[in-house]
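Following: one structure in structure tokens, then a few remarks.
Note: hydrogens, waters and symmetry copies are ignored here, and every other heavy atom, side chains too, is used.
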Amino acid sequence: MAVYVDPPLWPAHGTVFSHLVSDKSLDELHAFAAAAGVPERAFDGDHYDVPERRYNDLVAAGAIPVEARVLVRKLIASGLRIPARERSKALTVPLMERWNSTYPGHEELGLELLERWGDASRKYHSRTHLLAVLEALDILTEPALPARTVTLAAWFHDAVYEGVAGQDEEESALLAEDRLTAARLAPEDVAEVARLVRLTSEHNPKPDDHAGALLCDADLSVLGGDEQSYARYLAAVREDYVHVSDDDFAKGRAAVVRHLLSLDPLFHGERARALWLDAARRNLTAELA
């Protein structure tokens, strides 16, 4: 295993930046960065952004200097690279296009939600997750479109995120009630959006709750990813709880995984089960083991 750094060529914030990557392991990359004094906030999914003034220090600490194109090849070969479309910072335009098609005439509210989802402290519960849920809804309802209330619930379901299970969903539902009432959405639709948001706390809708099943299945679709996608998901979740000790996180995460494995069904719709159930059970079981 090795850590690589490219030349400081990338302009931002009045300086230029290098990229720091590993060719094998994010754990190795995080360990190197911590030892070199690179702050956690500099991590961007598959690399660290480091300012020009740190370049020589990183090389002295053992990072191997390479050209930018070589660094990209190393990252791709490692299997750790996150495609550009999956990066939270790159999703402002496509997400706003989706918002404006869902609730036209309320761009200010869409921008507020986008700002919440784009908070720098979020790693998993970010714009990337929001887009993944919206795209999963598209897959589950194709060729039809999801009901507007279901799509709005996706936008609001983690709009408030402090890492407190149950409380986050309740506060997100209250936010939906406040903002959508002010935006003059029909009262019955406001109530339905808030109800759906609250369901994402336990992911256990009633058997006849088609809308609830759609949202819960879309929210949990990440569990059915391939091995590399699931590893990125776990790494991002850990970063969301960086303030929690390793022991406490392991205990809490094990409880979450056991809860998910106990859900019967884990996915409610036939299409969702066909797409994600086998892989989800395999991923969850492997993580718990």
Side chains of His129 and Val222: does their closest heavy-atom pair fall under 4.5 Å?
no
Just so I know, are the side chains of Val150 and Val193 near enough to count as touching, which here means a heavy-atom distance under 4.5 Å?
no
I need the single residue from Asp6, Leu71, Val5 that forms a side-chain contact (heavy atoms from CB on, under 4.5 Å) with Leu20. Which is it?
Val5
Can you tell which of Glu171, Glu169, Glu170 makes a side-chain contact (heavy atoms from CB on, under 4.5 Å) with Gln167?
Glu171
Between Asp49 and His47, a side-chain donor and acceptor under 3.5 Å:
yes
Answer yes if the side chains of Ser121 and Asp119 hold a donor-acceptor pair under 3.5 Å, and no otherwise.
yes
Determine, step by step, whether His125 and His157 satisfy the ring-ring contact (aromatic ring centres under 6.0 Å, His included) criterion, reporting the C-alpha distance in whole Å, the side-chain angles of both residues, the deciding distance to 0.1 Å, and the verdict.
CA-CA 10 Å; His125 296 86; His157 82 284; 8.0 Å; no
Are there over 12 heavy-atom neighbours, none belonging to His210, within less than 6.0 Å of that residue's NE2?
no
Give the ring-plane orientation class for Phe267 versus Trp276, where under 30° counts as parallel, over 60° as perpendicular and anything between as tilted.
tilted
When the ring planes of Tyr161 and Tyr241 are compared, do they come out parallel, tilted or perpendicular, using 30° and 60° as the limits?
perpendicular
Could you state the interatomic distance from CZ (Phe17) to CG (Leu9), rounded to the nearest 0.5 Å?
13.0 Å
Distance (rounded to the nearest 0.5 Å) between Leu114 CG and Glu107 CD
10.5 Å
With a 4.0 Å cut-off, would you call [X] and [Y] a salt bridge?
{"X": "Arg253", "Y": "Glu287", "value": "yes"}
{"X": "Asp209", "Y": "Arg195", "value": "yes"}
{"X": "Glu112", "Y": "Arg116", "value": "yes"}

Side-chain donor or acceptor of Asn283 paired with backbone N/O of Leu223 under 3.5 Å
yes
State whether Phe249 and Arg238 meet the cation-pi test: NZ (Lys) or CZ (Arg) under 6.0 Å from the six-membered ring centroid, and within 45° of the perpendicular axis.
yes
With side chain to side chain donor-acceptor pair (under 3.5 Å) as the rule and sequence neighbours excluded, what pairs involving residues 263-274 come up?
Asp217-His268
Residues His30, Tyr48; criterion ring-ring contact (aromatic ring centres under 6.0 Å, His included); working and verdict:
CA-CA 9 Å; His30 292 319; Tyr48 282 84; 5.8 Å; yes
State which residues pass side-chain hydrogen bond (donor to acceptor under 3.5 Å, both in side chains) with Arg54; sequence neighbours excluded, sorted by chain then number.
Asp57
